[in-house]
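Everything on this sheet refers to the single structure shown next.
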Amino acid sequence: MPLHVPPAPAPALRSVLTALGSPTAVREIRTPALRTARQEAVPDHPLPLHVLDAIGAQGVAETRLAGWRFLIRCDERAVAAAETRLTPDGWTFSHFFEGPYIASTERALRQAESAAQPYQARLLSVPGLYMLTLWLHGDCASDGTTGRPDPTDLLIPLAPAPPGIAAHRPHRVAELLPVLTLRVAPAPPPLLGSPA
C-alpha cells in the first residue's frame with residue numbers, strides 16, 4: 001500500500017532550502033557529509049515530528065507537534081536531516097544533523113511501504129526514553145499536525161532503540177504502550193511550598 005506523507009508547510013520547506021544554500025549552515029561541525037557532498041543536497045521525505053511527553057495510566061495524551069524533519073539526499077541517499085520548528089514568526093530552520101537515525105528512518109520508511117493497509121507517516125519522539133519511532137497513523141486524511149497514537153496505529157522504533165525494545169520491529173500502539181508506560185518515569189511531585 002502507498003505510504004501517505006502529509007505535505008510540509010511551505011515556509012518550513014523554504015527555510016530548509018535557504019539553509020542548504022547558506023555556506024554557514026551547511027558547514028556546521030556536526031554535518032561533515034553536507035560539507036563534503038559532491039552532489040546537490042535536496043530535502044526529501046518531510047515528516048511531522050511529534051513529541052510524547054507523558055504516558056498516563058489512561059493511555060496517551062495528545063502529542064505535540066515539535067517540528068518537521070526532512071531527510072537530506074545527496075546522490076540518491078540520505079546523508080543528513082534538517083529540522084524546522086514553529087516560532088511566533090512562523091516556520092524556521094532549526095539545524096542539520098547526522099547520525100544513526102538517518103539510515104534507520106530510511107529503513108523504517110521502506111518497511112512501511114510494504115504495509116497491508118495505507119498509513120500516514122510521522123515521527124514520534126519519547127524523550128523520557130531517548131526513543132524515536134516512525135509512527136504509522138491510520139488517518140491518512142489528517143494534515144499530520146495533531147492527534148494521538150491510535151491503539152491500531154503502528155510504531156516502528158528506530159535504531160538505536162532503548163534496551164529491551166527491538167529496533168525496526170513494528171508494534172501496534174496497544175502492544176507497545178504498556179511497555180513504555182512501565183519505563184517512562186512519572187514526573188516528580190511538586191516540592192512543598194512551590195507553585196503547582
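Remember, it's a predicted structure, so these values are computed and weren't measured experimentally.
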Exceeds 12 heavy-atom contacts within 6.0 angstrom, atom CZ of R85: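 Incorrect, the count does not exceed 12.
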
Minimum heavy-atom separation for [X] to [Y], with atom names?
| X | Y | value |
| --- | --- | --- |
| P151 | R172 | O-CB, 3.9 Å |
| P6 | Q120 | CD-CG, 3.6 Å |
| E98 | L34 | OE2-N, 3.8 Å |
| H50 | G144 | NE2-O, 2.7 Å |
| H171 | A166 | NE2-O, 4.2 Å |
| Y101 | A159 | CD2-O, 3.3 Å |

Verdict with reasoning, R73 to E40, per salt bridge (charged side-chain N to carboxylate O under 4.0 Å, His left out): CA-CA 8 Å; R73 293 197 176 287; E40 179 184 11; over 6 Å; no

hydrophobic_cluster_shared for V42 and L71, side chain cutoff 4.5 Å: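 No, no single cluster joins them.
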
Below 4.5 Å, heavy atoms only, C-beta onward: do [X] and [Y] meet side chain to side chain?
| X | Y | value |
| --- | --- | --- |
| F70 | L13 | yes |
| H4 | P118 | yes |
| I72 | L20 | yes |
| L123 | L134 | yes |
| V79 | R77 | yes |
| L47 | R122 | no |
| T63 | P149 | yes |
| T84 | V16 | yes |

Approximate separation, where rounding is to 0.5 Å, of [X] [atom1] and [Y] [atom2]:
| X | Y | atom1 | atom2 | answer |
| --- | --- | --- | --- | --- |
| L154 | R169 | CG | CZ | 11.0 Å |
| S22 | L17 | OG | CG | 12.5 Å |
| R110 | L3 | CZ | CG | 13.0 Å |
| D44 | C74 | CG | SG | 11.5 Å |

Verdict with reasoning, I156 to L136, per side chain to side chain contact (heavy atoms under 4.5 Å, CB included): CA-CA 8 Å; I156 302 175; L136 301 178; 3.9 Å; yes

Side chain to side chain contact (heavy atoms under 4.5 Å, CB included) between T105 and L158, intermediate numbers included: CA-CA 7 Å; T105 301; L158 301 183; 3.4 Å; yes

Whether W135 and H137 hold their rings parallel, tilted or perpendicular, with breakpoints at 30° and 60°: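 Answer is perpendicular, since the angle exceeds 60°.
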
Establish, from distance only, whether the side-chain atoms of [X] and [Y] form a donor-acceptor pair under 3.5 Å.
| X | Y | answer |
| --- | --- | --- |
| H168 | S104 | yes |
| S125 | R69 | no |
| D143 | T145 | yes |

Working for side chain to side chain contact (heavy atoms under 4.5 Å, CB included), residues L155 and V173: CA-CA 6 Å; L155 297 177; V173 167; 3.8 Å; yes

Intermediate values then yes/no, side chain to side chain contact (heavy atoms under 4.5 Å, CB included), Q111 and L109: CA-CA 5 Å; Q111 281 181 268; L109 286 167; over 6 Å; no

Side-chain donor/acceptor of S15 to backbone N/O of A12, under 3.5 Å: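 Here the side-chain-to-backbone pair exists.
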
